[in-house]
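To start, the structure under review is shown below, and the notes come after it.
Keep in mind that the numbers below use all heavy atoms, side chains included, and drop hydrogens, waters and symmetry copies. As the structure lists them, so they are numbered: ligands from 1, and atoms in each ligand from 1.
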Amino acid sequence: MRPMKTIDWDDGSVLLIDQTRLPSVLKMVRCRSVSHLITAIRRLEVRGAPALGVAGAYGVALAAFTTRGRDFENFAGKVEAAAQQIARARPTAVNLSWGAEQVLARVQQARSIDEAREAALAEAQRIADEDVAACHALGDYGASLIPDHSTVLTHCNAGALACREWGTALGVIRSAVQAGKKVSIISCETRPLLQGSRLTAWELDRDGIPVTVIPDSAAAHLMRKGRIDCVLVGADRITHDAVFNKVGTYMHAVSARAHGIPFYVAAPLSTFDPDHGEEEIEIEDRDRDEVATFNGRVLIPDGVPVLNPAFDATPLSLVTAIVTPFGVLRPPLDWETIAAKRRVI
Ligand code: MRU
């Protein structure tokens with residue numbers, strides 16, 4: 001394995017891998033302002049729910065260091081406004097607003113601007129380190145679900161690039177491989193932004209883990225042919241009735257159920273949303289151009305409308321198990337325990 005940090009605090013700024021340039025170019029972007037970070041989040045230079053949680057946390061620390069105020073109250077008000085803008089940059093992954101709120105709370109508890117800055121950075125660093133620990137912990141639990149000599153289908157990218165390092169779904173795969181299992185991955189390309197072919201394939205190949213890319217539409221065919229042993233994906237938000245993840249996940253869950261294949265989800269506690277249900281959650285709608293053009297070429301006649309929802313919701317009834325840093329949970333979930341554990345991360 002070749003560890004890398006997707007996102008870090010460096011010299012008063014947020015340093016991140018520009019994921020829009022992969023797999024051809026591995027380049028870092030340095031965000032010195034909150035507005036630059038928000039643009040990076042919207043453009044998916046940094047993406048994936050846990051990485052967005054860390055971006056939200058570092059973003060509020062950045063706001064604390066770049067904001068001036070007449071007095072502490074004035075300063076704290078401006079940092080709060082920045083935190084709200086960061087939290088709203090993308091609506092579906094709950095980790096983003098969670099990370100921003102955790103750090104904002106430290107700012108609000110402080111008694112001076114200097115104390116607030118110090119506390120904000122310490123909390124953001126803690127959240128970033130905790131994300132790494134959570135991925136390793138859930139990876140070790142989840143590895144037991146992956147049979148030796150198996151083929152696992154995944155969708156989008158729930159790897160090191162979607163977290164600070166290691167990954168959730170791909171963290172489980174890395175832990176299984178580290179434990180000596182032979183595992184190969186089928187990565188769905190993940191139209192329209194191709195996180196599966198550009199990012200999942202890149203990071204698994206870099207670590208020497210066998211990976212094959214398929215068009216999203218080939219998944220059910222391979223399940224029918226007996227070529228898939230289980231499906232394993234990440235999550236952007238887990239409400240009390242559904243798992244939100246990259247659009248296309250729901251169709252894999254339906255196909256997996258139809259073929260008697262286990263459907264697993266891997267997620268840290270920051271991805272759980274005990275207070276909401278499916279109908280209350282906004283699914284991000286993205287630009288027409290992501291579907292209607294490729295490399296500057298027009299693919300859809302002008303005037304023909306496009307729908308481009310970035311996520312879908314899979315009912316918990318289709319989920320075999322959820323891998324978390326405190327064990328493998330099988331629905332129905334014990335939400336009281338989850339909420340209590342989530343309060344202390
Ligand atoms: O639009 P993206 O690339 O941010 O979507 C990411 C996903 O849907 C991932 O599967 C999810 O965040 C889990 S990442 C561990």
List of N/O pairs, ligand 1 versus protein, all under 3.5 Å?
unit_1: ligand 1; atom_1: 1 (O); unit_2: R90; atom_2: NH2; d: 2.8
unit_1: ligand 1; atom_1: 1 (O); unit_2: K246; atom_2: NZ; d: 2.8
unit_1: ligand 1; atom_1: 3 (O); unit_2: R47; atom_2: NE; d: 2.6
unit_1: ligand 1; atom_1: 3 (O); unit_2: R47; atom_2: NH2; d: 3.4
unit_1: ligand 1; atom_1: 3 (O); unit_2: Q195; atom_2: NE2; d: 2.9
unit_1: ligand 1; atom_1: 4 (O); unit_2: G48; atom_2: N; d: 3.1
unit_1: ligand 1; atom_1: 4 (O); unit_2: R90; atom_2: NH1; d: 2.9
unit_1: ligand 1; atom_1: 8 (O); unit_2: D236; atom_2: OD1; d: 2.8
unit_1: ligand 1; atom_1: 8 (O); unit_2: N245; atom_2: OD1; d: 3.2
unit_1: ligand 1; atom_1: 8 (O); unit_2: K246; atom_2: N; d: 3.1
unit_1: ligand 1; atom_1: 10 (O); unit_2: N245; atom_2: OD1; d: 2.7
unit_1: ligand 1; atom_1: 12 (O); unit_2: A49; atom_2: N; d: 2.8
unit_1: ligand 1; atom_1: 12 (O); unit_2: D236; atom_2: OD1; d: 3.3
unit_1: ligand 1; atom_1: 12 (O); unit_2: D236; atom_2: OD2; d: 2.9

Can you pull out every side-chain hydrogen bond (donor to acceptor under 3.5 Å, both in side chains) where at least one residue sits in residues 22-32? Sequence neighbours excluded, please.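 Sorted result for residues 22-32: D10-R30, S13-R30.
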
Describe, in one word, how the ring planes of H155 and H252 are oriented to each other, choosing from parallel (under 30°), tilted (30 to 60°) and perpendicular (over 60°). perpendicular

W335 and F272 aromatic ring geometry - parallel, tilted or perpendicular at 30°/60° bounds: perpendicular

Residue from R43, R47, E45 passing side chain to side chain donor-acceptor pair (under 3.5 Å) with Q19: R47

Nearest heavy atoms of D207 and R2, plus distance in Å: OD1-N, 2.8 Å

Which heavy atom of P91 sits nearest to which heavy atom of R237, and what is that distance? O-NH2, 3.3 Å

